[in-house]
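Here, residue 1 is the first one in the sequence, and each next residue gets the next number.
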Amino acid sequence: MRFYDTKAWRRKRKSILARDGHECRECKRYGRSREAKTVHHCNPIETHWEFRLKSWNLISLCFQCHELMHDRESHTLTELGEYWREKVTPKEFYIPPPSMKKYS
């Protein structure tokens, strides 16, 4: 069974949309109100499976904003996606992407 078909995901998705008032959090940053129908994993499940159902890792987005979070060709987060990942991830779990790591 695919993760997105599980009862646990459907229940979590519903609770996150309710928590965010069914509004896109990215649009809301700019004073816009747009209905959210997508729940985004700020730390993608492909790389952070352990965070898949953590409420802090999930935000409600409209379709247009969700598309801005991912580079679909490289399967990586965009700069905006990295912004949200850094914003929501507790400091003890945050690992900067390779291009942002400081070398001494």
Legend entry - Parallel, tilted or perpendicular, as decided by the 30° and 60° cut-offs, for the rings of His48 and Phe51: parallel
Legend entry - Aromatic ring pairing His41/Tyr4, orientation class (parallel under 30°, perpendicular over 60°, tilted between): perpendicular
Distance (rounded to the nearest 0.5 Å) between [X] [atom1] and [Y] [atom2]:
{"X": "Arg85", "Y": "Asn57", "atom1": "CZ", "atom2": "CG", "answer": "9.5 Å"}
{"X": "Leu77", "Y": "Tyr83", "atom1": "CG", "atom2": "OH", "answer": "14.5 Å"}
{"X": "Cys65", "Y": "Arg29", "atom1": "SG", "atom2": "CZ", "answer": "9.5 Å"}
{"X": "Glu82", "Y": "Asn43", "atom1": "CD", "atom2": "CG", "answer": "8.5 Å"}
{"X": "Thr89", "Y": "Lys54", "atom1": "OG1", "atom2": "NZ", "answer": "12.5 Å"}
{"X": "Leu17", "Y": "Ser60", "atom1": "CG", "atom2": "OG", "answer": "4.0 Å"}

Can you confirm whether [X] is buried at [atom1], in the sense that more than 12 heavy atoms of other residues, nucleotides or ligands lie under 6.0 Å from that atom?
{"X": "Phe63", "atom1": "CZ", "value": "no"}
{"X": "Glu73", "atom1": "CD", "value": "no"}
{"X": "Lys12", "atom1": "NZ", "value": "yes"}
{"X": "Glu79", "atom1": "CD", "value": "no"}

Where do [X] and [Y] come nearest, in terms of heavy atoms and distance?
{"X": "Ile59", "Y": "Arg19", "result": "CA-NH2, 4.0 Å"}
{"X": "Cys24", "Y": "Cys27", "result": "SG-N, 3.4 Å"}
{"X": "Val88", "Y": "Trp56", "result": "CB-O, 3.2 Å"}

Quick check against the 3.5 Å criterion: does [X] have a side-chain atom that pairs as donor or acceptor with the backbone of [Y]?
{"X": "Arg25", "Y": "Leu61", "answer": "no"}
{"X": "Thr78", "Y": "Leu68", "answer": "yes"}
{"X": "Arg72", "Y": "Glu67", "answer": "no"}

Legend entry - Geometric cation-pi criterion, Lys87 with Trp84: 6.0 Å, 45°: yes
Legend entry - Side chain proximity check, His66 to Lys37, heavy atoms < 4.5 angstrom: no
Inset, instruction - Indicate, with yes or no, if Trp49 and Trp9 share a hydrophobic cluster defined by side-chain heavy-atom contacts under 4.5 Å among Ile, Leu, Val, Met, Phe, Trp and Tyr. - result: yes
Legend entry - Glu26 bridged to Arg34 by N-O distance under 4.0 Å: no
